[in-house]
Amino acid sequence: MITKALEEIRRGTAEIIDMEAIEKLVKRYYETGETYTVKAGFDPTGADLHLGHTVLLQKLKTFQAHGGRVQLLIGDFTATIGDPTGKSETRKVLDRATIMANAKTYQEQVFNVLEESKTTVVYNSKWLNELGAAGLLGLTTLFNVARMLERDDFEKRFKSGQSISISEFLYPLLQGYDSVELKSDIEIGGTDQKFNLLMGRHLQRAYAVGKEQAVLMMPILEGLDGVQKMSKSLNNYIGITESPKDIYGKTLSISDDLMWRYYELLSEKPLDEIAQLVEDVKNGTVHPKTAKENLALEITARFHNEELAKLAKEEFNSVFKANQIPTDMDDFDMEDGIWICQALVDAGLEPSTSQARRDIKQNAVSINQEKISDDKLNLGCGDYILQVGKRRFAKVKVK
RNA sequence: GGUGAGUUACUCAAGCGGCCAACGAGGGCGGAUUGUAAAUCCGCUGACUACGUCUUCGGAGGUUCGAAUCCUCCACUCACCA
């Protein structure tokens with residue numbers, strides 16, 4: 001039982017620091033029933049969670065199944081600084097109101113994956129506001145600039161002469177201090193968080209908390225393009241609140257290479273089963289498309305349910321394979337004689353009439369499944385199905 | 001505080017008085033091909049019922065028949081010095 005639990009914990013991780021400590025905690029749980037705490041921080045800088053976040057959530061859930069109590073840390077204070085991670089430029093600072101709004105929607109979505117009864121949500125502004133200037137200065141004496149500059153992106157920016165604000169130096173310190181307050185046993189995060197996660201260990205020792213958190217890092221999930229990390233701002237994400245149709249369709253649009261990555265990090269299939277699948281696809285027993293369909297079904301079902309996932313699949317096949325129209329489209333009522341380009345804009349299929357004209361010229365627009373080429377067309381009374389490209393549809397009623 | 005360089009469309013990046021709605025690359029979108037995959041080829045990529053008109057090149061003024069291009073002021077970014 002314990003070995004099995006540890007296997008699951010280890011699955012898909014990029015790096016674990018102090019696996020022995022984790023083993024001890026899990027063992028102790030199974031022997032005495034004593035729980036332990038697992039911390040994970042979220043920056044409420046965007047409003048919606050996407051699959052990239054669920055890689056972490058999924059791992060937290062695994063811990064919950066084996067005696068872990070999750071400390072879900074909402075970095076409402078640190079979000080006002082902006083973690084330098086990732087992009088090599090100073091991040092924009094958000095105002096308090098949007099941060100709080102984001103934090104709220106995060107919480108709602110998190111419990112799609114996590115067990116609420118084994119989760120404590122905490123806000124770091126609670127103690128960081130009280131830390132004060134004196135406390136902050138005390139914190140800064142525990143670390144030095146040379147070591148801070150060891151951090152990968154700081155080093156790069158420093159060498160290439162890009163700006164690093166002092167506040168960014170504080171970010172890792174504050175995140176580490178959270179671990180002091182929470183007395184976390186384990187902290188998990190993405191590989192890009194390594195420096196910050198280790199800071200938690202460092203500070204726990206410095207503040208004599210009596211333990212040093214183990215650190216577990218998950219790989220960063222690539223977005224739909226397969227290159228950059230999944231993020232809302234790059235618009236290469238699958239949001240967990242999206243419709244079954246979208247989740248299914250987006251998953252199917254990823255490349256074959258990326259599919260294996262998603263299998264590894266997102267699927268709940270056992271690893272040996274996935275290895276077998278890779279083999280089958282390689283030797284031609286299983287078509288890659290089939291493998292991808294199954295992945296899409298699994299992911300869709302996780303955030304909705306199996307029935308809806310199957311419906312999404314059928315819908316998808318009828319639309320794209322059989323070239324039929326989708327069943328649910330947005331409806332619009334329009335005035336008699338409306339110009340086709342205007343209709344496309346009003347239906348939200350095109351951003352401007354100029355773009356609509358271009359697409360018509362390029363044979364991208366159909367009415368009732370018939371391609372059109374006249375961009376001066378006016379629509380008389382009747383029902384129409386407008387289509388732009390392969391995937392944008394709308395139902396229009398002209399009176 | 002001083003000196004110098006810079007700010008161009010989603011991003012990078014040309015243009016340095018008319019040939020500029022602005023080279024090129026990436027991205028995005030569309031077409032062909034396909035498994036709505038990858039790869040490849042081709043086209044499009046400010047707005048406007050549109051062979052014309054309007055608004056764009058950090059912001060505000062000015063010079064000129066004419067400005068992204070020249071001048072003045074302001075804001076911001078970067079580099080070197082203090």
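Numbers restart at 1 for each chain; the letters A, B, ... are given by sequence-line order, proteins then strands. In this text, all values refer to a predicted model and were calculated from it rather than measured experimentally.
The gap from the C1' atom of B/rC73 to that of B/rG24 amounts to 34 Å, rounded to the nearest Å.
Ring planes of A/Tyr237 and A/His50: tilted class, angle from 30 to 60°.
With sequence neighbours excluded, no residue satisfies side-chain hydrogen bond (donor to acceptor under 3.5 Å, both in side chains) with A/Gln387.
To the nearest 0.5 Å, atoms OH (A/Tyr29) and NE2 (A/His66) are separated by 9.0 Å.
By the 4.0 Å N-to-carboxylate-O rule, A/Glu20 lies too far from A/Lys27 to be salt-bridged with it. Using a cut-off of 4.0 Å between Lys/Arg side-chain N and Asp/Glu carboxylate O, A/Glu8 and A/Lys4 are scored as not salt-bridged. Note on A/Arg261 versus A/Glu222: salt bridge recorded, some NZ/NE/NH1/NH2 to OD/OE distance being below 4.0 Å. By the 4.0 Å N-to-carboxylate-O rule, A/Glu264 lies too far from A/Arg11 to be salt-bridged with it.
The salt bridge (charged side-chain N to carboxylate O under 4.0 Å, His left out) contacts involving residues 194-204 of chain A comprise A/Glu15-A/Lys194, A/Asp18-A/Arg201, A/Arg201-A/Glu212, where partners must be two or more places apart or lie in separate chains. Each salt bridge (charged side-chain N to carboxylate O under 4.0 Å, His left out) pair with one or both residues in residues 353-365 of chain A, not counting sequence neighbours, appears once here: A/Arg357-A/Asp375.
Comparing A/Ser255 and A/Asp375 by the nucleotide of RNA chain B that holds the closest heavy atom to each, the one mapping nearer the 5' end is A/Ser255. Between A/Pro351 and A/Ile254, the residue anchored nearer the 5' end of RNA chain B, judged by the nucleotide with its closest heavy atom, is A/Ile254.
Donor-acceptor pairing under 3.5 Å, judged by distance alone, is present between the side chain of A/Thr353 and the base of B/rA50.
The salt bridge (charged side-chain N to carboxylate O under 4.0 Å, His left out) test with A/Lys397 singles out one residue from A/Asp331, A/Asp330, A/Asp336, A/Asp383, and that residue is A/Asp383.
Between A/Arg358 and the phosphate of B/rA47, there is a side-chain N or O to OP1/OP2 separation shorter than 4.0 Å. Considering only side-chain N and O atoms, A/Ser352 lies under 4.0 angstrom from the phosphate OP1 or OP2 of B/rA47.
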Sugar-phosphate or base contact per nucleotide [nucleotides 25-30 of chain B; S, B, -; heavy atom under 4.0 Å]:
----SB
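Within residues 281-292 of chain A, the residues having any heavy atom closer than 4.0 Å to RNA chain B are, in order of number, A/His287, A/Pro288, A/Lys289, A/Lys292.
In this model, a donor atom of one side chain and an acceptor atom of the other lie less than 3.5 Å apart for A/Thr327 and A/Glu315.
Secondary-structure stems of RNA chain B, taken as three or more successive Watson-Crick or G-U wobble pairs (i with j, i+1 with j-1) under a 3.5 Å distance threshold, comprise B:1-7 with B:75-81, B:10-12 with B:24-26, B:27-32 with B:40-45, B:46-48 with B:52-54, B:58-62 with B:70-74.
In this structure, CD1 of A/Ile360 is placed 17 Å from P of B/rC44, rounded to the nearest angstrom.
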